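Working notes, structure below.
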Amino acid sequence: MLRLFWRDNPDLYHKMLEARVQRLWSEIFGESVAQYTTNVYVKNRILYVSMSSSVMRSELLSMRKRLVAALNGQAGSDVIDDVVIR
């Protein structure tokens, strides 16, 4: 029943997956990353993350492809194509 609902409403399904990725950010990368994260949102299949620490920002920038793979893997679908860290 629910599967039919998601099939009939693909935009709503994708929005639900985007919300899941936003929630997974702090769950996957832990408290040390979460404490420096000020904002997380998805727009046009790109995850935007604002960081208050320039050191943490530069570390995460160097592993963007791994971040995308980890988030999509945990979400169970290809939700995002890239990560922009500000």
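As the structure is a prediction and not an experimental result, all values here were calculated from the model.
Counting only heavy atoms from C-beta outward, the side chains of V49 and L60 never approach each other to under 4.5 Å. The closest side-chain heavy-atom distance from I46 to V83 is not below 4.5 Å. Looking at heavy atoms from C-beta onward, N39 lies out of side-chain contact with Y48 at the 4.5 angstrom threshold. Contact of the T37 side chain with the F29 side chain is not registered, since no non-hydrogen atoms from C-beta on lie closer than 4.5 Å. Between R20 and V79, every side-chain heavy-atom pair lies at or beyond the 4.5 Å cut-off. Contact check for L47 versus L71: side-chain heavy atoms found under the 4.5 Å cut-off. Counting heavy atoms from C-beta on, the side chains of V33 and I28 never come closer than 4.5 Å. The side-chain heavy atoms of V55 and Y36, taken from C-beta on, include no pair separated by under 4.5 Å.
Applying the salt bridge (Lys or Arg N to Asp or Glu O under 4.0 Å) criterion to R64, with sequence neighbours excluded, gives D82.
Below 30°, between 30° and 60°, or above 60°: for W6 and Y13 the angle between ring planes is between 30° and 60°, a tilted geometry.
No chain of hydrophobic side-chain contacts below 4.5 Å, direct or via other Ile, Leu, Val, Met, Phe, Trp or Tyr residues, connects I80 to V84.
More than 12 heavy atoms of other residues, nucleotides or ligands sit less than 6.0 Å from atom CG of D8.
Side-chain atoms of R45 come within 3.5 Å of backbone N or O of D78 as a donor-acceptor pair. In this structure, the side chain of R86 does not engage the main chain of S50 through any donor-acceptor pair within 3.5 Å. A donor-acceptor contact shorter than 3.5 Å is absent between the side chain of S26 and the backbone of A34.
In plain terms, the two heavy atoms of A75 and L24 that are nearest each other are N-CD1, 3.7 Å. The shortest non-hydrogen separation linking R23 to E27 is NE-OE2, 3.3 Å.
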